[in-house]
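Input: a single structure, listed below in structure tokens.
None of these values were measured; they are calculated from a predicted model.
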Amino acid sequence: MTDINTALETAYYAALKDITTYVFNGQLPDNVNPEEYIIFRSIQNNDVSTKNSSDTSTNITVEIHTNKNKINQTNDGNSLAAQVFAAIYPNQQFNLTLSGMQMIDTKVVNDRTDEYQMSSQLCYISRYITFRHLIYIA
């Protein structure tokens with residue numbers, strides 16, 4: 001089995017980096033507190049190899065976080081989500097380009113928006129989109 005995480009993380013960062021100023025792999029750094037940001041994380045790989053190929057079924061979650069003073073509607077998060085879909089899954093034939101392997105299928109496994117949370121006059125809304133990719137390892 002080949003490690004696919006680095007290639008997948010690189011492809012996700014390349015796809016998402018132009019959506020908003022703040023795109024992170026794993027977690028938000030302590031030294032920033034933006035009003036909107038994207039985090040991609042939680043890669044889960046399952047071996048689905050056959051006798052003739054090495055394959056994984058891989059899930060990865062994209063988190064979209066927004067916060068505003070007192071009132072935060074879902075519009076900003078939904079706008080970012082539309083851009084995430086356009087970058088990762090604009091149509092059923094599209095797959096990200098990976099170094100040293102081939103993504104051959106992409107699906108949305110889950111898409112959920114959490115209820116807002118208030119903290120120190122800030123209203124936080126988070127949306128989580130989990131994608132599943134079938135990846136052929138050359």
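The shortest heavy-atom contact between Asn67 and Pro34 is ND2-O, 2.9 Å. Considering every non-hydrogen atom in both Ala11 and Leu98, the closest pair reads CB-CD2, 3.5 Å. For the pair Ser99 and Ala7, the tightest heavy-atom approach, listed with the atom from each and the gap, is O-CB, 3.8 Å. Of all non-hydrogen atoms in Gly77 and Arg127, the two that sit nearest each other are O-NH1, 4.5 Å. Minimum interatomic distance between Val23 and Leu16 (heavy atoms only, all atoms of both residues): CG2-O, 3.4 Å. Scanning both residues, Leu96 and Ala87, for their nearest heavy atoms gives CD2-O, 3.8 Å.
Side-chain atoms of Asn45 and Asn5 include a donor-acceptor pair closer than 3.5 Å. Judged purely by distance below 3.5 Å, without hydrogens or angles, the side chains of His133 and Thr106 pair a donor atom with an acceptor atom. Thr66 and Glu36 are not linked by any side-chain donor-acceptor pair at a separation below 3.5 angstrom, with hydrogens and angles left out of the test.
Here the CG atom belonging to Asp105 is positioned 10.5 Å from the CD1 atom belonging to Ile135, to the nearest 0.5 angstrom. Considering OH of Tyr136 and OG1 of Thr50, their distance stands at 9.0 Å, rounded to 0.5 Å. The CZ atom of Arg132 sits 11.5 Å away from atom OH of Tyr89, with the distance rounded to the nearest 0.5 Å. Taken from CG in Leu8 to CZ in Phe40, the straight-line distance is 8.5 Å, to the nearest 0.5 Å. Going from atom CZ of Phe131 over to atom OH of Tyr12 covers 5.0 Å, rounded to the nearest 0.5 Å. If you take NE2 on His65 and CZ on Phe24, they are separated by 11.0 Å, rounding to the nearest 0.5 Å.
Of the possible donor and acceptor atoms, none in the side chain of Asn25 sits under 3.5 Å from a partner among the backbone N and O of Ile39. With Ser49 contributing its side chain and Asp55 its backbone, the two residues share a donor-acceptor pair below 3.5 Å.
Linking Ile, Leu, Val, Met, Phe, Trp and Tyr whenever their side-chain heavy atoms come within less than 4.5 Å puts Phe94 and Ile88 in one cluster. Both Phe85 and Ile38 are assigned to one and the same hydrophobic cluster, defined by single-linkage of ILVMFWY side chains at heavy-atom distances under 4.5 Å. Neither Tyr22 nor Tyr124 shares a network with the other; the hydrophobic side chains, linked directly or stepwise wherever heavy atoms of I, L, V, M, F, W or Y lie under 4.5 Å apart, form separate groups for each. Placement of Leu80 and Tyr13 within a single hydrophobic cluster is found when ILVMFWY residues are connected by side-chain heavy-atom separations under 4.5 Å, directly or transitively.
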Between Thr58 and Ile43, is a side chain to side chain contact (heavy atoms under 4.5 Å, CB included) present by the stated rule, with each step listed?
CA-CA 7 Å; Thr58 299; Ile43 298 173; 3.8 Å; yes
Using the rule given for side chain to side chain contact (heavy atoms under 4.5 Å, CB included), can you reason through Thr56 versus Asn46, listing the C-alpha separation, both sets of side-chain angles and the distance that settles it, and then say yes or no?
CA-CA 5 Å; Thr56 67; Asn46 294 300; over 6 Å; no
Candidate pair Tyr128 and Asp114, rule side chain to side chain contact (heavy atoms under 4.5 Å, CB included), full reasoning
CA-CA 8 Å; Tyr128 303 89; Asp114 283 354; 3.1 Å; yes
Show your working on side chain to side chain contact (heavy atoms under 4.5 Å, CB included) between Thr130 and Ile60 and close with a plain yes or no.
CA-CA 6 Å; Thr130 301; Ile60 183 169; over 6 Å; no
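Side-chain contact between Val84 and Ile64 is present, with heavy atoms from C-beta onward closer than 4.5 Å.
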